[in-house]
Amino acid sequence: MSEPVRVRFPPSPTGHLHVGGARTALFNWLFARHHAGVYVLRIEDTDRSRSTEEYTHALLEALRWLGLDWDEGPPTPGYRQTERLDVYRAHAERLLAEGKAYRCRCTPETLETLRRAAEARKETFRYPGTCREAGVPASESHALRLAIPREGETVVDDVVRGRVVFGHAELDDWILVRTDGTPTYNFCVVVDDVTMKITHVIRGNDHLSNTPKQVLCYQALGYPLPIFAHIPMILAADKTRLSKRHGATSVLAFRDMGILPEAMLNYLARLGWSHGDQEIFSREDLIRHFDLAHVGAADAVFDLEKFKWVNHQWIKTLPAERLARELAPFLDRAGLPAPADPGWLARVVETLRERARTLVEMAEQAAFFLRRPAAYDPQATAKFWKESAAERYALLIKRLEAQEAMDPPALEALYRFLAADLGLKLVDLAQLTRIAIAGKAASPPIFEVMSILGRAEVLARLRTAAAAVGAGR
RNA sequence: GACCCCGUCGUCUAGCCUGGCCAAGGACGCGACCCUUUCAAGGUCGAGAUCGCGGGUUCGAAUCCCGCCGGGGUCACCA
């Protein structure tokens, strides 16, 4: 059999986990789970100036919220690049000793001058290899460069892109270790992936152009290449890279918008990957069906409308108890009192799940259950508080006071009887009641609502409304 | 600028490898109708893609080949 699959997700804690990163994490995680392999989380924090502990925590929080659990990684030591500096150093020294890398004393200023000169000649600057044969002594201040073959080409065999060829004339002897002794990103990645025995590198397409440099480094080190898969990027509606300017892009921001993790995973998976015509995938579905073969090549535009639709699908099917639990913090944030009985909240959720696409919307719609209407929607009252509203409220109050059963069918029967008796349509009495109870002309089925609220509360709200009609609003 | 990648309804996509079943299917969104105590949800129907453009190969091309155009990415002692 083939060796076990080992993949990794290497975020750098210089910002919040955004949807692009989350999707990369998801594909890696799915690939690992599908093949019963290992999913490694590695923190790329070599850029100390921009990396923060705070972002690291937020990153882990976002991954945990999504349920993308890692088999190896923090808090186990050794999975942060800053903890692996001697590993990079050892590899660098070996390359130097074997003559695959060399010391370079060209200063950034010198290089900058050359670069500008090349630009002036409308040429692309590449390091000319000045120090390649110079034998710069260790005593001199120097950077370390990889000596790449001057001739030939490097082929990147990519699962998604196919065979991509890069001529060595397009590459140059890039820097492995800076003058200050710190290793560069491309070098760290290679050393990390090699030492962590990563078998498949699944990452954003923006890394494709860096891949030949890395391949050359693998070869210099004498290590076998992993399998590469460069997945399409996620774009904003204007087809540019997603950024803060495009509104919410971080995973945690979507959580705070009332998106469920199931929906986040589901939507992200469908961006660039497909399984026939299927749109809704549970975590298990995803693990079962995910494969690199059906990852597309074209970049995808992030569509919030479709995302909300997916979220709605999950709101419609998840257990009410679970939704009630998820909803609680949103009620709190909306300044609504927390109901004492979680079972009661679950009943409320049951009436709302078909009409709320996000938990934020659901909290808004749940408001009248938890707090009496402070005002009545003028459009609704203008339409339904025409003549005899006061008398009708009085009649409803009287009948409901005498009403024993408060289950929806019984209430509907009562209302139908009253409407027929008054020569009215059911809708007339229903809307009158709805305004009294919800303060507006739209709500879940009114008899369900009345049943959940209970007779005392319903009567109280009807009396308040009746008084408002009497007071001429 | 050089190099690399990408290009099917507004958007996500199926199909492309293994040409004909595609006068291009599904989904979101949009419109209409049905259902209906409101709003939703659901159902039905509809508008919406000459498969980026132009050549070629072939009896036949979204699918194969060439050129072009458009978009994106990478070119740092950033990651």
Side-chain angles (χ1 to χ4, degrees), chain A residues 10-12 14 44-47 49-51 81 104 106-108 111-112 115 118-119 122-126 142-145 156 158 160-162 164-167 169-172 174-180 182-186 188-189 204-213 230 232-233 235 237 239-241 267 270-280 293-294 296-310 312 316 351-357 365 380 384 412 415-416 419 425-435 438 440-447:
Chain A
S12 61
T14 55
E44 309 225 318
D45 58 351
T46 41
D47 185 355
S49 59
R50 289 195 299 151
S51 300
Q81 290 186 326
C104 170
C106 298
T107 63
L111 296 172
E112 188 51 40
R115 183 172 293 115
E119 267 172 32
K122 299 196 128 200
E123 284 171 20
T124 302
F125 171 75
R126 290 189 191 83
H142 64 273
L144 193 69
R145 287 183 185 271
V156 176
D158 192 276
V160 178
R161 314 280 145 190
V164 186
V165 182
F166 297 86
E170 309 300 332
L171 277 16
D172 65 2
W174 54 283
I175 291 181
L176 303 170
V177 181
R178 300 183 188 95
T179 305
D180 67 3
T182 59
T184 59
Y185 166 77
N186 282 116
C188 291
V189 171
N205 191 225
D206 49 341
H207 289 283
L208 182 59
S209 297
N210 280 325
T211 308
K213 291 161 80 171
H230 287 90
M233 317 204 52
L235 273 25
K239 301 239 182 196
T240 65
R241 253 178 156 152
Y267 181 68
R270 282 289 290 107
L271 237 35
W273 174 81
S274 61
H275 181 67
D277 286 340
Q278 192 172 340
E279 295 285 353
I280 302 303
H294 290 87
D299 293 343
V301 171
F302 189 89
D303 181 12
L304 188 57
E305 285 305 308
K306 182 153 185 177
F307 187 16
K308 284 183 178 176
W309 174 80
V310 171
H312 192 191
K316 287 201 293 181
T351 71
L352 262 20
R353 67 192 323 162
E354 303 225 310
R355 45 213 110 217
R357 295 194 301 169
Q365 294 168 11
F384 296 101
E412 181 170 346
Y415 268 64
R416 286 199 184 279
K425 286 182 186 162
L426 180 58
V427 65
D428 297 316
L429 291 181
Q431 287 304 73
L432 233 34
T433 307
R434 204 183 307 274
I435 291 169
K440 52 193 174 51
S443 85
I446 194 62
F447 306 122

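Just so it is clear, the model here is predicted, and its values are computed rather than measured. The analysis underlying the following values was restricted to heavy atoms, covering all of them including side chains, and did not include hydrogens, waters or symmetry mates. Labels below follow one simple rule: chain letters A, B, ... track the order of the sequence lines, proteins then strands, and each chain is numbered from 1.
Using the Watson-Crick or G-U wobble rule with both distances under 3.5 Å, A24(B) pairs with nothing in any strand shown. For G7(B), the paired base is C69(B) (Watson-Crick or G-U wobble, both distances below 3.5 Å). Base pairing analysis places G19(B) opposite nothing; no Watson-Crick or G-U wobble pair with both distances below 3.5 Å involves it.
Atom CZ of R50(A) and atom C1' of C78(B) are 6 Å apart (whole Å). Atom pair R357(A):CZ and C39(B):P shows a separation of 17 Å (rounding to whole Å applied). Computed from coordinates, the L176(A) CG to A79(B) P distance equals 13 Å when rounded to whole Å. Put simply, CG on N186(A) is 13 Å from C1' on C77(B), counting in whole angstrom units. Separating the CD1 atom of I280(A) from the P atom of C12(B) is a distance of 17 Å, rounded to the nearest angstrom.
You'll find that the side chain of D277(A) is closest to G25(B), out of G25(B), A40(B), C77(B).
Here, U57(B) and U13(B) have their P atoms 35 Å apart, quoted to the whole Å. When the P atom is used for both G43(B) and U58(B), the distance is 49 Å, rounded to whole Å. Remark: the separation of the P atoms in U11(B) and G72(B) is 14 Å, to the nearest Å.
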In B/S/- notation (B base, S sugar-phosphate only, - none; protein heavy atoms under 4.0 Å), nucleotides 66-74 of chain B written 5' to 3' is ------SBS
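Residue contacts for H230(A): at a heavy-atom cut-off of 4.0 Å it reaches no nucleic acid atom on any strand shown. Nucleic acid contact for G167(A): none, since no nucleic acid atom lies under 4.0 Å from a heavy atom of the residue. Across all strands, L271(A) comes closer than 4.0 Å only to sugar-phosphate atoms, never to a base (heavy-atom distances). Counting non-hydrogen atoms under 4.0 angstrom, S443(A) reaches a base of the nucleic acid. Note on P232(A): nothing from the nucleic acid sits closer than 4.0 angstrom, heavy atoms only.
Side-chain contact annotation: Y185(A) with S12(A), donor-acceptor N/O pair under 3.5 Å absent.
Between the side chain of R161(A) and the base of C5(B), no donor-acceptor pair under 3.5 Å is found. Scanning atom types as modelled, one donor and one acceptor separated by under 3.5 angstrom connect the side chain of E279(A) and the base of G26(B).
The shortest side-chain heavy-atom distance between E279(A) and R270(A) falls under the 4.5 Å cut-off.
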Find every protein N or O atom lying less than 3.5 Å from an N or O atom of nucleotides 49-51 of chain B, and list the pairs.
none

